[in-house]
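Just below is one structure, and these are the notes that go with it.
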2 protein chains.
Amino acid sequence: MASDTATSLKVERKPKLSETVVAAIRKQLQAGEIQPGQKLPTEGQLTDTFGVSRTVIREALAKLAADGLVEPRQGAGVFVTEHISTMFGALAADMGSKDSIALNVLEVRLAIEIESAGLAAIRRNAAQEAGIQEAFFEFERLLLNSEPTGPADLAFHRAIASATNNPFYVEMLDVLGRRAIPCDVTSPWSTELAQSDVYQRGLQREHLVILNAITAGDAEAAREAMRAHLTASQQRYRERLHARQVFYADSVRAAATE
Amino acid sequence: MASDTATSLKVERKPKLSETVVAAIRKQLQAGEIQPGQKLPTEGQLTDTFGVSRTVIREALAKLAADGLVEPRQGAGVFVTEHISTMFGALAADMGSKDSIALNVLEVRLAIEIESAGLAAIRRNAAQEAGIQEAFFEFERLLLNSEPTGPADLAFHRAIASATNNPFYVEMLDVLGRRAIPCDVTSPWSTELAQSDVYQRGLQREHLVILNAITAGDAEAAREAMRAHLTASQQRYRERLHARQVFYADSVRAAATE
DNA sequence: GCGCAAAAGTCATCATACAAAAATCCATTT
DNA sequence: AAATGGATTTTTGTATGATGACTTTTGCGC
């Protein structure tokens with residue numbers, strides 16, 4: 001009964017065909033390959049390009065329509081919705097890669113993620129909960145193998161946003177996360193300290209608190225755990241900025257004295 | 001801009017068959033006729049009970065699954081999700097996808113504003129605190145003069161976002177607020193009930209709690225007050241959507257009998 | 001009883017056909 | 001020549017039947 005998720009380390013869900021199609025079209029829409037208000041290829045064309053039946057295509061389009069990304073009109077075609085991408089476009093446009101901006105964006109992301117953790121604790125279903133656990137254990141596995149954990153970290157947060165059943169949370173996270181990823185990933189100056197084992201162990205410990213709160217269905221605890229995690233990440237980010245500053249100062253001084 | 005539907009009083013929506021089925025099943029789920037974790041009737045049975053093709057049934061089930069209410073398992077059946085938020089299911093029950101999107105956006109805005117209230121309590125400077133107070137008393141003045149308070153309400157929230165000293169918060173608020181404004185402003189269908197004096201008095205009372213918490217520098221209290229305010233607004237929004245639905249149903253019935 | 005294979009039930013996908021609405025084309029009319 | 005109106009085509013919505021994959025249950029042999 002309730003022990004279904006107890007021992008399920010790997011969930012190995014069957015990726016339904018329609019979901020892959022949804023992902024593909026989503027990517028195209030986010031890349032702006034089809035402008036808002038414009039018509040998508042017809043169902044017939046899509047069946048050809050993706051090599052699946054019209055049933056699958058229709059299911060995928062229905063899902064996109066449910067998320068408000070497209071809008072089918074009988075006899076006319078399927079059209080890209082206006083407002084969504086413009087919103088994200090506006091946001092994504094004017095944040096560069098400056099550190100001060102990154103900190104501000106991180107702060108907005110904090111707001112989004114705290115609330116999404118709380119909602120995930122309430123609204124998640126079994127599959128979504130399994131998805132979060134899966135990402136958690138993937139992080140664990142990579143950590144033991146000393147492989148880069150960045151993607152798994154992102155996947156963990158993304159799974160939580162997805163468990164809110166509000167598609168805007170995950171979209172928001174995608175847009176914000178692409179610009180300012182707090183933890184590690186491929187920032188050119190965070191190669192050594194940030195990737196240390198104790199550092200990542202600490203991350204995982206914080207993740208566990210979040211995971212426990214969500215599986216327990218405790219929204220308040222989930223929010224608090226996520227807040228603690230992200231404020232700690234914020235702090236680590238600041239420290240790294242400071243460390244880089246010190247490093248530069250030292251190198252400048254060394255160059256002057258030699 | 002968004003007033004394209006203002007002059008078209010009649011519902012120009014063709015209710016897709018699947019949407020009818022979705023509404024029906026949603027109502028059943030909400031009524032608790034099928035307990036969480038239990039299996040729904042099979043697709044074949046549903047085709048009989050609703051008198052539509054299996055295509056429609058599948059589309060409806062896919063939509064319910066997209067909202068996280070049910071969870072299909074190949075070879076086993078379609079099961080009701082364990083942790084369903086009755087709130088969400090209820091509010092998305094019988095409205096078009098457009099309103100459902102608006103509610104999702106509103107939910108994101110809730111996340112942003114809660115955190116911004118907390119930050120404003122900590123980071124505000126004297127001028128910003130004065131700005132928040134000014135907006136508050138402007139609302140009061142308009143209320144006494146029976147003038148529309150919409151802009152002042154928006155200004156109050158904007159002043160709080162501005163007091164975070166993080167420009168992204170106010171920008172976020174602008175982008176989100178332009179799409180889905182929860183309070184009142186110029187929604188074409190919120191002319192009477194929503195503008196009542198007691199309604200706006202209630203808003204102002206909630207505003208006061210927020211203002212007090214911010215001026216006291218109590219971030220936790222500010223967040224809680226803002227959360228209370230916005231969830232209450234969400235509730236009011238829901239009720240208005242429902243009222244509109246009833247209105248349309250009445251007008252349709254009247255048109256049929258005349 | 002227990003284990004295992006067969007069978008039935010169920011969702012996922014495919015293929016085809018027709019209906020309905022919109023867009024386009026074209027002929028008729030002004 | 002321009003405009004109007006209807007016929008044709010395109011495209012989504014719905015219906016139907018069939019097949020495969022997966023899950024659950026049943027039944028059989030031991």
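A note on names: the letters A, B, ... follow the listed sequences, proteins ahead of strands, and every chain is numbered from 1. Just so we're clear, the structure is a prediction, and the values are computed from it rather than from any experiment. Just so it is clear, the values below take in all heavy atoms, side chains as well, and ignore hydrogens, waters and symmetry mates.
Here Glu115(A) does not pair with Arg227(A) in a salt bridge; the nearest charged N to carboxylate O distance is not below 4.0 Å. A salt bridge does not link Arg158(B) with Glu113(B): none of the charged nitrogens is closer than 4.0 Å to a carboxylate oxygen. Of the charged side-chain nitrogens involved, at least one lies within less than 4.0 Å of a carboxylate oxygen, so that Arg58(B) and Glu59(A) count as a salt-bridged pair.
Between Leu61(A) atom CG and dT11(D) atom C1' the separation is 12 Å, expressed in whole Å. Glu19(A) has its CD atom 14 Å from the C1' atom of dT13(C), to the nearest Å. Between Glu59(B) atom CD and dT13(C) atom P the separation is 14 Å, expressed in whole Å. Across the protein-nucleic acid pair, Asp48(A) atom CG and dT11(D) atom P stand 12 Å apart, rounded to whole Å.
Among the nucleotides dA23(C), dT16(D), dG13(D), the one closest to the side chain of Pro72(A) is dG13(D). The nucleotide whose nearest atom lies closest to any side-chain atom of Arg58(B) is, among dT13(C), dT12(D), dC22(D), dT13(C). Distances were taken from every side-chain heavy atom of Thr55(B) (C-beta onward) to each of dA21(D), dC14(C), dA15(D); the shortest belongs to dA15(D).
Counting atom types as modelled, Arg54(B) pairs no side-chain N or O with a base atom of dT10(C) as donor and acceptor under 3.5 Å.
If you find the closest nucleotide of DNA chain C to Val52(A) and to Gly75(A), the one lying nearer the 5' end belongs to Val52(A).
Here Thr42(A) lies in heavy-atom contact (under 4.0 Å) with sugar-phosphate atoms only.
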